[in-house]
Amino acid sequence: PSTMPLNTSILALSLLSLLIAHTVVAREETDYFDLDLEQLMAISVASKQSEDPTLAPGAISIITREHIRNFGGLNLGDLIDRLTNTQVMGSSLYPRNRTSLRAVTQTHVDDKILILLDGRPIRDAAQGGINGDLYATFPIESIEQIEIIRGPGSVLYGTNAFSGVFNIVTVLPSESQNMFQLRSGSESDGKVWAIAHRPFDDGYLSIQTQAIQHEGTPYPNIAGEVGDNGQHGMGHDHQLLHLKGEYANHSATILYSDTRLDHASNLQSYPSEDWDIKRLFMDIGSEVVINQHWKGNLNLTMNQVKNTAFI
């Protein structure tokens, strides 16, 4: 009987091992292969229409619900920090209020990134980018996926979409659901979150609420060169109410949140101790179907942000 030389067998096994390893690595690096067809067709941030992200006109990243669950991050900022070449940063004036995408960050505010909630822009008209409350407290339990444009999106979305766009897509279940979550941990950390979904003929209603209290680890300023001496808090308190509904071709969304963030500033000119953000977001939309090829959307969106830093 014919036999294969030993060195030939070893070479064949080595090539097979390299091929398998290359395939595994490729699948780990490319998230899109882990998505089913429905998820692929649900991506709309690149051109405001559902499309395959591999064919979208832009550099797209996706954080899916499974990624969020497996990672175990506590807030939106934690999730964004895991993206390549992306970091949620702070400054001497506002803690963790801006995202550096492709190393573009120049001011205290988040004026180079636009955040969308289910495709509608969350803006701050007064200062151009107060997003620290969203990064610290937005309920990630209600997120279906986060769609990210890496690069300019101002042609489609306007102001702030300079370095990138983050579209937060919230969960839309097909059946009635009630979910409740309690969290308790060190540093006097506590969280209560609840959501209720009610689908009905031609529509649905979703209500979620959240309350957070987190004292955090105090920051001791003992040097005395700049800022105030003593212990500075590093926690936050937060309350949120989010309503979302749809009937026939009409939709409505209301988001209200009240967030207080401690800030251990290290500059004498900005020795702020507390940062309070009250946010009200409202959107009313209607879709008009002209025929199978044409449809139009009309949205009225209101953004109100009250930003108070106690200096």
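Values below: all heavy atoms of this structure, side chains included; hydrogens, waters and symmetry mates excluded.
Although no hydrogens or angles enter the test, the distance criterion places no donor-acceptor pair under 3.5 Å between the side chain of Arg279 and the main chain of Lys306. Within the 3.5 Å criterion, the main-chain N or O of Glu287 finds no donor-acceptor partner in the side chain of Asn297. Side chain of Thr107 to backbone of Val109: a donor-acceptor contact under 3.5 angstrom is found. Of the possible polar contacts, none joining the Asp276 side chain to the Thr308 backbone as a donor-acceptor pair under 3.5 Å is found. Proximity of a side-chain donor or acceptor of Ser251 to a complementary backbone N or O of Ile284 within less than 3.5 Å is not detected. Although no hydrogens or angles enter the test, the distance criterion places no donor-acceptor pair under 3.5 Å between the side chain of Asp202 and the main chain of Ala248. For the pair Gln210 (side chain) and Thr137 (backbone), a donor-acceptor distance under 3.5 Å is present. The backbone N or O of Thr64 sits less than 3.5 Å from a side-chain atom of His67, completing a donor-acceptor pair. Checking side-chain atoms of Asn97 against main-chain N and O of Asn131 turns up a donor-acceptor pair under 3.5 Å.
Between atom CG of residue Leu241 and atom CG of residue Asp258 there is a gap of 12.5 Å, rounded to the nearest 0.5 Å. We find the CD1-OG1 distance between Ile143 and Thr170 to be 9.0 Å, quoted to the nearest 0.5 Å. In this structure, NZ in Lys278 is found 11.0 Å from CG in Asn307, a value given to the nearest 0.5 Å. Rounding to the nearest 0.5 angstrom, the gap separating the CH2 atom in Trp193 from the CG atom in Leu240 is 11.0 Å. Rounding to the nearest 0.5 angstrom, the gap separating the CD1 atom in Ile146 from the CD1 atom in Ile115 is 9.5 Å. Summarising the geometry, atom OG1 belonging to Thr86 is positioned 7.5 Å from atom CD1 belonging to Ile113; distances are rounded to the nearest 0.5 Å.
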Q.
Under the criterion side chain to side chain contact (heavy atoms under 4.5 Å, CB included), I'd like the reasoning laid out for Phe281 against Thr301: C-alpha separation, chi angles, the key distance, then a yes or no.
A. CA-CA 8 Å; Phe281 167 84; Thr301 305; 3.6 Å; yes

Q.
Under the criterion side chain to side chain contact (heavy atoms under 4.5 Å, CB included), I'd like the reasoning laid out for Lys112 against Leu101: C-alpha separation, chi angles, the key distance, then a yes or no.
A. CA-CA 9 Å; Lys112 304 296 188 296; Leu101 183 60; over 6 Å; no

**Q.** Derivation and outcome, side chain to side chain contact (heavy atoms under 4.5 Å, CB included), residues Asn178 and Arg198
**A.** CA-CA 9 Å; Asn178 296 319; Arg198 290 294 181 270; 3.2 Å; yes

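Applying the salt bridge (Lys or Arg N to Asp or Glu O under 4.0 Å) test to Glu141 and every residue at least two apart in sequence or in another chain returns Lys191.
Under 3.5 Å, the side chains of Thr253 and Asp283 contain no donor-acceptor pair of N or O atoms. The closest side-chain donor-acceptor pair between Gln145 and Glu147 falls under 3.5 angstrom. With hydrogens and angles left out, the side-chain atoms of Arg150 and Ser61 include a donor and acceptor closer than 3.5 Å. Side-chain contact annotation: His197 with Gln177, donor-acceptor N/O pair under 3.5 Å absent.
Taking 4.5 Å as the limit, some side-chain heavy atom of Ile68 sits within range of a side-chain heavy atom of Leu79. In this structure, Thr259 and Trp275 have side chains that are not in contact, with every pair of non-hydrogen atoms separated by 4.5 Å or more. Contact of the Ile63 side chain with the Leu83 side chain is registered, since non-hydrogen atoms from C-beta on lie closer than 4.5 Å. Residues Val192 and Phe180 form a side-chain contact, since some pair of their non-hydrogen atoms from C-beta on lies under 4.5 Å apart. Side-chain contact check for Gln213 versus Ser188: every heavy-atom pair is 4.5 Å or farther apart.
Scanning both residues, Gln87 and Asp81, for their nearest heavy atoms gives CA-OD1, 3.4 Å. Smallest separation of non-hydrogen atoms from Leu261 and Ala136: CD2-CB, 4.1 Å. For the residue pair His214 and Asp237, the shortest heavy atom distance occurs at N-OD1, 4.1 Å. Among all heavy-atom pairs drawn from Leu114 and Pro121, the shortest one is CD1-CB, 4.1 Å. The heavy-atom pair separating Arg65 from Ser142 by the smallest distance is NH1-C, 4.2 Å. The shortest heavy-atom contact between Leu117 and His242 is CD2-NE2, 4.1 Å.
Using bins of under 30°, 30° to 60° and over 60° for the plane-to-plane angle, the ring pair Tyr94/His108 lands in the perpendicular bin.
One hydrophobic cluster holds both Ile122 and Leu76 under the rule that ILVMFWY side chains link at heavy-atom gaps under 4.5 Å. In the hydrophobic clustering of ILVMFWY residues, with side-chain heavy atoms under 4.5 Å counting as a link, Leu205 and Leu243 come out together. One hydrophobic cluster, built from ILVMFWY side chains closer than 4.5 Å, cannot hold both Ile212 and Phe138; they sit in different ones. Transitive grouping of hydrophobic side chains (ILVMFWY, heavy atoms separated by less than 4.5 Å) brings Tyr256 and Met302 into a common cluster. Transitive grouping of hydrophobic side chains (ILVMFWY, heavy atoms separated by less than 4.5 Å) keeps Val169 and Tyr204 in distinct clusters.
Around CZ of Phe71, the count of heavy atoms belonging to other residues, nucleotides or ligands within 6.0 Å exceeds 12. Within 6.0 Å of the CZ atom in Arg183, the count of heavy atoms belonging to other residues, nucleotides or ligands exceeds 12. Counting non-hydrogen atoms of other residues, nucleotides and ligands closer than 6.0 Å to CG of Asp201 gives a total of 12 or fewer.
Hydrophobic side-chain contacts under 4.5 Å tie Leu74 to no other Ile, Leu, Val, Met, Phe, Trp or Tyr residue.
When each of Asp133, Leu280, Ile277 is paired with Ser257, the side chain to side chain contact (heavy atoms under 4.5 Å, CB included) condition holds for Asp133 and for no other.
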Enumerate, atom names and distances included, each donor-acceptor pair closer than 3.5 Å involving a side-chain atom of residues 158-166, sequence neighbours excluded.
residue, atom, partner, partner atom, Å
Asn160, ND2, Asp110, O, 3.3
Asn160, ND2, Gly128, O, 2.7

